[in-house]
Amino acid sequence: MIQASNLSYMYPDSTFQLQLADWNVSQGEQLAIVGPSGSGKTTLVNLLAGILRPSEGQLRVGQWQLDEMSERQRRAMRASSIGQVFQDFELIDYLTVQENVLLPYLINGSLTRTADVDRRIESLADRVGIQSLLSRRPGKLSHGERQRVAAIRALVAEPQLVLADEPTASLDAENKFQLLELLSDSCRELAATLVIVTHDEAVADRMESRLDLSSQLAARV
Amino acid sequence: MARLFLLARRSISFHRYRSAIIALCLGVTIALPVSVRVMVWRFQQQVSQRAEATPLVIGPRTSRFDLVLHALYFQSDVRGRLKMELLDEVADGLAARAIPLHAGHRAQQQPVVGTTADYFAFRQLELASGQDWQRLGDCLLGASVARRLQLQTEDSLLTDPLDPFNIVGTAPLKMRVVGLLAANGSADDNAVFVSLETAWVIEGIGHGHQNVEQEQHGQLGMSASFTEVTDNNLDSFHFHGSRSSFPLTAILAVAENPRQATLLEARFLDPESTVQSLRPVDVVEEMMGLVFRAQQFFDLLAVLMAAVTIVLLGLVIALSQRLRAREMRTMVKIGSSRSLTFWLQATELGLLCLAGLLFAAALVAISMGLLPQLMDRVISA
């Protein structure tokens, strides 16, 4: 699913450079990316999502060669094939829960909302127990409920790759493992690859494998 | 496009107070200068129309504006008087029509205009109910006066005292309402019309030999003296002096042809004369020039206000963008283009502008609906 070779990224006007020699992730694999703060975990996730383009090297995600794609192509790939869960969930306050889950369809013309999509939302919402909350706005939800909304937003388009950047950082133990279980089970059902960035050893231990950036060539230039 | 509208509408309704304030500010910024311009234009139309329908005004040599406003809108009184003999002179040789006016008194603060039946034909005034003057002391009410004072035919109307502090002066006249005029959207709607003779009685030139009626006024137990013309005392009313010397406040003159008009105007060119003739169109044009100069000042204020509003709105939008930066970043991360985030905010702003325009249109429509009453107040003041 993921193949990186001599991957390198350097932020403009920054001394930080992420470097990854060789890295492969199989389809359907569930792994954690760990490392100290500033080691490039979020940078790597942004590269995988196509938000950033590698400065050097090759990076392949599924059938897409990200280092050769334009921003528009990476955007389309991201919308159709990658689900993301953000640390602070990043729900849109003025949209209902259902509209937040449908956000990828609202902001990207390459995705078309169909009856199947609506059924999928109902099914996922029912599975995580928020079906009665679909017409509410995020401001009226508890922390745990917002977490679940963010998760099913990442899953609704049936992505091939799910990226979660510190998704459990602000959760208590019960909600933390509920979220992990949801992501893990759903990805398994979709045969999707799951990548979780985390500081939490307990979370990392639950993944099948891990990438420790502190032991890679994450050199400060 | 539908998705953009959905997101924009959701954001607007979520931030309803901010959205309402923006739409309100835009609406007022647009409505104010538009309303002023439309009102001034309508005012100009109405005033010009009235002036054009009155070719020439002859009156005492006083302020030109005062004379024209008095003759066309019965505002206040003019300094000085004309004599009836001048009316005969104008009518006999100089004009096709010479219509006398005596408009120096009020009844419950409504102007009382003494004139002849010729005035109603000249102004194309028609009766809505009742009949013409039958005798001395009768009056016809303009439509707005009747509505304002809630008077019908057979009711009575008392003139205001000439001098409330002079208890031995001429008593007010209790007039009989014999008819109501149909509304015609002019200053005539705001006047009480009486015959010249009745106006002279009010002035104190004519009187009857009778006991002045007394009427108790309510709780204070005060008595108000007034004169009333009845079938019993009608024959006792008379005038002292020669009719040719009786006063008028203005004469409306219509010449038969341009030559006659020139002669008529030339008759009163002598600056030493106590009489002057005016073409209301010229005076109104001069007056409107002043109004337009004032309007330019208001236009400047409106431009300044618009500039300030735009700057403030720009600040609100910039702050809003800063607050929404995270939301836009989320959308880009999920797969939105950066241009979409721009168009989303542009759509939202467009909808707010549209709401502002609609609000402005409503405000202008309301002000136009209130315009007739406003004109009444301005013109009848």
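So you know, we letter chains A, B, ... as the sequences are listed, proteins then strands, and number each from 1. Side chains included, hydrogens not; waters and symmetry mates left out as well; all remaining heavy atoms used.
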Task: More than 12 heavy atoms of other groups within 6.0 Å of B:Q45 CD - done: yes
Task: Residue pair B:L7, A:L95: steps toward the side chain to side chain contact (heavy atoms under 4.5 Å, CB included) verdict - done: CA-CA 8 Å; B:L7 291 169; A:L95 298 179; 3.8 Å; yes
Atom pairs (donor, acceptor) spanning chain B and chain A, under 3.5 Å:
residue, atom, partner, partner atom, Å
B:R3, NH1, A:Y105, O, 2.3
B:R3, NH1, A:N108, O, 2.9
B:R3, NH1, A:L111, O, 3.4
B:R3, NH2, A:L111, O, 3.4
B:R10, NE, A:E99, OE1, 3.0
B:R10, NE, A:E99, OE2, 2.7
B:R10, NH2, A:E99, OE2, 2.6
B:R324, NH2, A:Y94, OH, 3.0
B:R326, NH2, A:D88, OD2, 3.0
B:E327, OE2, A:Y94, OH, 2.4
B:T330, OG1, A:E90, OE1, 2.4
B:V332, O, A:R78, NE, 3.4
B:V332, O, A:R78, NH2, 2.8
B:K333, O, A:R78, NE, 2.8
B:K333, O, A:Q84, NE2, 2.5
B:K333, NZ, A:E90, OE2, 3.2
B:G335, O, A:N108, ND2, 2.7

Open item on the list: Could you report the tightest heavy-atom contact between A:A79 and B:G335, atom names first, then the distance?
Closed with: CB-CA, 4.2 Å
Open item on the list: So for B:L4, is it side chain, backbone, both, or neither that comes closer than 4.5 Å to the heavy atoms of chain A?
Closed with: neither
Task: B:L340, part contacting chain A, at a heavy-atom distance under 4.5 Å - done: side chain
- [ ] Identify which part of B:I12 has an atom lying under 4.5 Å from any heavy atom of chain A, answering side chain, backbone, both or neither.
- [x] neither
Open item on the list: Quick check on B:F298: does its CZ atom have over 12 non-hydrogen neighbours (other residues, nucleotides or ligands) under 6.0 Å away?
Closed with: no
Task: Heavy-atom proximity to chain B below 4.5 Å, by part of A:L111 - done: backbone
Open item on the list: So for A:I92, is it side chain, backbone, both, or neither that comes closer than 4.5 Å to the heavy atoms of chain B?
Closed with: side chain
